[in-house]
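What follows is one structure encoded as structure tokens, with my remarks underneath.
Numbers restart at 1 for each chain; the letters A, B, ... are given by sequence-line order, proteins then strands.
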Number of protein chains: 2
Amino acid sequence: MSTEENTDLKTLLGALVSSGHRLTRLAATATDDQRSPAVWRTLSALSSYGPVRLGELARLSRVTQPTMTKIVRNLDDLDWIKRIVDVEDKRAWLIAATPKGLAALAEWRDTLASALLPHFSGLDAGDLAAMQRVVEILDERAALDGSAAFEGEIA
Amino acid sequence: MSTEENTDLKTLLGALVSSGHRLTRLAATATDDQRSPAVWRTLSALSSYGPVRLGELARLSRVTQPTMTKIVRNLDDLDWIKRIVDVEDKRAWLIAATPKGLAALAEWRDTLASALLPHFSGLDAGDLAAMQRVVEILDERAALDGSAAFEGEIA
DNA sequence: ACCATTGCATAGCCGGGCTATGTAAAATGG
DNA sequence: CCATTTTACATAGCCCGGCTATGCAATGGT
């Protein structure tokens with residue numbers, strides 16, 4: 001991979017992050033959403049990884065443990081997660097999404113996507129394919145396990 | 001556009017927003033960044049639109065005016081923006097990015113993108129093209145003017 | 001048994017979000 | 001011209017998600 005290609009990828013990555021920020025605000029204003037990205041991100045992680053320790057959930061979400069403690073307390077109040085005693089370690093909690101939480105996540109996605117639809121009308125099949133591919137790339141590369149595993153393979 | 005295609009686009013949009021959240025956290029942890037997405041988003045908007053009123057900047061960024069007042073005060077303290085008296089209206093300020101602010105934005109993008117590169121190694125030209133296209137779509141559709149203009153054209 | 005490490009909660013701070021309110025300037029209408 | 005309404009921004013207060021630092025209890029190692 002030449003320097004020029006690296007520069008192109010670099011430029012793209014910077015632009016992708018910026019565009020993502022913009023999309024985040026669009027998403028926040030497109031619906032009367034009372035919850036933050038952190039809530040959905042956390043529920044999404046629980047949905048993907050199943051019950052995990054609070055500290056591990058923090059790691060997966062790339063936030064510090066006290067931050068995750070706060071988020072989890074919030075989700076607990078909503079009955080969107082439940083705490084499970086980790087029988088192997090009395091210090092630890094396993095955090096699991098409840099059916100109510102998963103339903104809320106699904107509903108959020110649906111409501112949000114519906115609200116965003118008008119902003120993205122008129123895209124052709126090629127555009128959809130591009131979006132699909134980028135989602136795949138991000139899910140693979142921005143996920144902690146995926147990223148770590150990939151680096152392991154290269155190194 | 002059939003219902004099925006709408007469903008696919010809906011699913012994609014929801015996934016894209018989620019993936020974007022994940023990328024945001026990756027970006028936040030990939031660098032020792034002391035500034036938030038709001039700072040960069042605002043500087044980026046000023047870079048794109050040139051000097052605008054504080055209220056208009058809030059609108060462009062999809063946040064409320066008091067929020068933007070805070071962000072602008074922050075940027076002002078850093079000498080990354082300057083306030084310009086709007087000669088047409090004594091109540092209003094024009095907010096412009098300073099060269100120092102624009103340099104900081106460019107440096108952030110470079111530093112961030114460099115830090116992200118290892119996570120995204122091994123992508124092929126098709127992947128880059130997909131990312132390029134998605135950035136274009138988001139910039140066009142998530143931007144306030146672009147989105148509004150497009151809706152106007154359809155209606 | 002003792003000590004270091006680990007897991008989570010708490011404390012404190014900051015900034016970005018919001019709604020509500022206040023002040024001054026500008027626009028509007030009689 | 002003047003009273004009223006609207007507009008532009010600042011301030012206040014609240015909440016939440018970030019962080020670092022610290023505390024307490026459990027666990028692991030020697």
Does [N] have OP1 or OP2 sitting under 4.0 Å from an N or O in the side chain of [X]?
X: A:R53; N: C:dC8; value: no
X: B:R59; N: D:dT7; value: no
X: B:R73; N: C:dC14; value: no
X: A:R41; N: D:dG18; value: yes

Whether [X] side chain and [Y] backbone form a donor-acceptor pair below 3.5 Å:
X: B:T42; Y: B:A38; value: yes
X: B:R62; Y: B:A142; value: yes
X: B:S47; Y: B:L43; value: no
X: A:T29; Y: A:L26; value: yes

I need the [atom1]-[atom2] distance between [X] and [N], as an integer number of Å.
X: B:D76; N: C:dG15; atom1: CG; atom2: P; result: 14 Å
X: B:D89; N: D:dC9; atom1: CG; atom2: P; result: 8 Å
X: B:K90; N: D:dT6; atom1: NZ; atom2: P; result: 24 Å
X: B:K70; N: C:dG17; atom1: NZ; atom2: C1'; result: 8 Å
X: A:W93; N: D:dT27; atom1: CH2; atom2: P; result: 13 Å
X: B:D86; N: D:dA8; atom1: CG; atom2: C1'; result: 10 Å
X: B:W40; N: C:dG15; atom1: CH2; atom2: P; result: 14 Å
X: B:Q65; N: D:dT6; atom1: CD; atom2: P; result: 18 Å

Report task. With the side chain of A:P66 defined as its heavy atoms from C-beta on, choose the nearest nucleotide among C:dC18, D:dC9, C:dT10. Result -> C:dT10
**Report entry** Position toward the 5' end of DNA chain D (nearest nucleotide), A:E88 or A:T67
**Finding:** A:T67
Query - 5' precedence on DNA chain D between A:S36 and A:V87 (nearest-nucleotide basis) - result: A:S36
Report task. Please work out if B:R35 contacts a base, only the sugar-phosphate, or nothing of the nucleic acid, heavy-atom cut-off 4.0 Å. Result -> nothing
**Report entry** Touch class at under 4.0 angstrom, heavy-atom based, for B:V72 against every strand present
**Finding:** nothing
**Report entry** No-H, no-angle donor-acceptor pair, B:R91 side chain to D:dA8 base, under 3.5 Å
**Finding:** no
Report summary line: Result for 5'-nearest mapping on DNA chain C, choosing between A:R25 and A:L54, is A:L54
**Report entry** Along DNA chain C (nearest heavy atom to each residue), the more 5'-positioned of B:P37 and A:T69
**Finding:** A:T69
Query - Under-4.0 Å salt bridge between A:D139 and B:R22 - result: yes
